[in-house]
There are 2 protein chains.
Amino acid sequence: MTPPTPLHLSLAGQAVDVLREQVLTGEIPPGSRVNEVEVAQKLGISRGPLREAIRHLASEGLLTLVPHRGAFVPDADADEVKALFELRTALECAAAELAASRRTDMDLVRLHEVCAASRRDYKTGQPFPYRLDLAFHQTLIEAARSPRIAEQVRLVQQRVVLLRSALADDPPHQHASMDDHDELVKAIADGDAAKASIVMRRHLSRVCAQMMMSMSH
Amino acid sequence: MTPPTPLHLSLAGQAVDVLREQVLTGEIPPGSRVNEVEVAQKLGISRGPLREAIRHLASEGLLTLVPHRGAFVPDADADEVKALFELRTALECAAAELAASRRTDMDLVRLHEVCAASRRDYKTGQPFPYRLDLAFHQTLIEAARSPRIAEQVRLVQQRVVLLRSALADDPPHQHASMDDHDELVKAIADGDAAKASIVMRRHLSRVCAQMMMSMSH
DNA sequence: AAACTGCCAACTGTCGACAGTTGACAACTC
DNA sequence: GAGTTGTCAACTGTCGACAGTTGGCAGTTT
């Protein structure tokens with residue numbers, strides 16, 4: 001069962017998954033400290049693998065390490081949101097451009113499908129309005145076929161999710177976002193890299209502005 | 001002395017610095033494995049801190065982890081170079097745009113200084129032709145004032161340095177690069193974000209092409 | 001001779017314990 | 001009473017040792 005199970009994933013790897021989940025869902029709230037011995041006991045593992053998991057999540061930006069003090073879940077901060085979205089804009093605009101020139105017909109099918117699902121969920125008032133937004137951006141970077149950019153986009157989006165959990169913000173201007181997505185898909189379908197980049201930039205700047213709003217109450 | 005010196009930097013932190021140096025200089029050649037016990041003994045530390053150092057460098061892309069096999073210095077690979085430069089282009093073009101709108105007069109002084117020093121070193125035939133190239137891009141991203149982008153650029157440039165060490169390539173088209181740099185500084189001085197981005201893209205595509213050349217012999 | 005099988009050494013993954021540092025509380029001084 | 005200093009518990013940083021896995025080599029079979 002659980003004691004000696006290094007058969008598919010190391011204890012450190014499992015700890016990474018569990019901790020990531022707990023951090024992203026806000027189960028471990030922003031600003032709080034992660035106690036090594038306490039969490040290790042709770043997970044039923046030793047401090048060694050847990051430390052590795054903590055360092056790994058720190059390298060992803062989901063934890064901040066303070067020497068001799070431990071690991072903390074980073075707090076939401078206006079400057080941080082701004083800096084993060086500058087990075088996200090650089091990466092996703094480039095991804096949009098690449099997607100416009102590299103997308104296959106299958107990519108277009110997937111993108112249309114996600115957009116349609118978004119509107120379906122929106123009408124029926126589904127519980128996780130961000131799920132399909134994430135899926136859309138995920139599908140887009142796959143269409144860009146640039147593994148290193150994709151890797152970084154995933155990390156940045158993860159941090160955005162963390163910020164959102166700290167904000168607990170209300171349903172966003174989802175309608176505007178969905179319109180952006182549609183326009184983005186059209187530009188990509190047309191192979192119009194320049195337009196795809198511009199639309200993406202506008203889209204992200206809108207999302208960023210909205211997050212800044214819900215931060216300052 | 002050396003045995004108990006956690007006064008300024010942890011053993012893991014010191015190990016990171018030493019290992020990074022050895023990997024980047026090719027002292028530990030690409031493709032080779034990093035033996036935990038062996039290196040730990042050589043550094044005079046235990047396996048714990050060394051493991052943390054290895055994982056850290058792996059998160060920077062300077063090592064590749066294989067479960068139950070250990071850490072390896074990644075090999076040079078054409079696809080990898082291409083993917084890496086797509087990421088670098090996305091990041092540095094964005095940085096160039098931001099620098100064009102945010103640079104201070106002091107930034108311009110520094111950029112001009114680096115360019116002048118490059119030409120000076122070039123004429124006298126200095127040993128490290130890449131040193132000032134790195135310094136230029138470093139100065140540029142500082143002028144962009146976007147901490148997250150700067151962070152990622154640094155990591156990508158580090159990986160490029162690693163690739164170069166694996167290539168052991170000859171003096172590059174340094175003259176063309178210096179011209180690019182001058183043109184870049186001019187665009188940034190003029191506040192012309194669009195041109196800065198275009199010049200940067202051309203510059204990086206040239207550098208990338210050159211690396212691909214020296215790979216395929 | 002080639003291919004398969006079983007064994008073995010080397011190494012990674014994990015654990016429990018010790019040492020050093022940090023922040024906080026309490027006692028003391030002015 | 002406010003500020004300072006001494007003490008202490010809690011936690012991180014580090015270490016050495018054990019267990020499980022991997023790749024290779026020797027021996028065997030066809």
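Letters A, B, ... mirror the listed sequences (proteins, then strands); counts begin at 1. Because only heavy atoms are used, hydrogens play no part in the values below, and waters and symmetry mates are left out as well, while side chains stay in. Not measured: the values here are computed from a predicted model.
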Notebook entry, point to check: Are any of the side-chain nitrogens in B:Glu86 or B:Arg201 under 4.0 Å away from the carboxylate oxygens of its partner?
Noted result: no

Margin query: I need the full list of salt bridge (charged side-chain N to carboxylate O under 4.0 Å, His left out) pairs touching residues 43-55 of chain B, with sequence neighbours left out, sorted by first then second residue.
Written below: A:Arg51-B:Glu52, A:Glu52-B:Arg51, A:Glu52-B:Arg55, A:Arg55-B:Glu52, B:Glu36-B:Arg47, B:Glu36-B:Arg51

Checklist line | Whole-Å distance separating the CG atom of A:Leu11 from the P atom of D:dT21 | finding: 12 Å

Side-chain donor-acceptor pairs under 3.5 Å in residues 17-26 of chain B, sequence neighbours left out?
unit_1	atom_1	unit_2	atom_2	d
B:Arg20	NH1	B:Glu60	OE1	2.6
B:Arg20	NH1	B:Glu60	OE2	2.9
B:Arg20	NH1	B:Gln158	OE1	3.3
B:Thr25	OG1	B:Glu21	O	2.9
B:Thr25	OG1	B:Gln22	O	3.4
B:Thr25	OG1	B:Glu27	N	3.4

Check: If you check every side-chain atom of B:Ser10, which of C:dG13, D:dG13, D:dC11 has the closest atom?
Finding: D:dG13

Margin query: Just the rounded figure in Å: distance from P of C:dG20 to CG of B:Leu9.
Written below: 18 Å

Item checked: Nucleotide C:dG13, atom C1' - distance to CD of B:Glu36 in whole Å -> 9 Å

Checklist line | ring-ring contact (aromatic ring centres under 6.0 Å, His included) partners for A:Phe136, two or more places apart | finding: A:His181

Notebook entry, point to check: Reckon A:Arg69 has a side-chain N or O less than 4.0 Å from the OP1 or OP2 of D:dA10?
Noted result: no

Notebook entry, point to check: Could you give the CZ-to-C1' distance, from B:Phe72 to C:dC11, as a whole number of Å?
Noted result: 11 Å

Item checked: Sorted by number, the residues of residues 41-56 of chain B with heavy-atom contact under 4.0 Å to DNA chain C -> B:Arg47, B:Arg51, B:Arg55

Checklist line | Value in whole Å for how far the P atom of C:dG23 lies from NE2 of A:His68 | finding: 10 Å

Next item on the list: Give one of base, sugar-phosphate or nothing for A:Val66, where a contact means two heavy atoms less than 4.0 Å apart.
Entry: nothing

Next item on the list: Could you say whether B:Pro67 or A:Pro67 is positioned toward the 5' end of DNA chain C, judged by the nucleotide with the nearest heavy atom to each?
Entry: B:Pro67

Next item on the list: List in chain and number order the residues that pass side-chain contact (heavy atoms from CB on, under 4.5 Å) with B:Asp180, two or more places apart in sequence or in another chain; answer none if no residue qualifies.
Entry: B:Arg202, B:His203, B:Arg206

Checklist line | Any residue meeting side-chain contact (heavy atoms from CB on, under 4.5 Å) with A:Phe72, in chain and number order, not counting sequence neighbours | finding: A:Arg33, A:Thr64, A:Val66, A:Arg69

Next item on the list: Can you tell me the distance, in whole Å, between the CZ atom of A:Arg33 and the P atom of D:dA10?
Entry: 12 Å

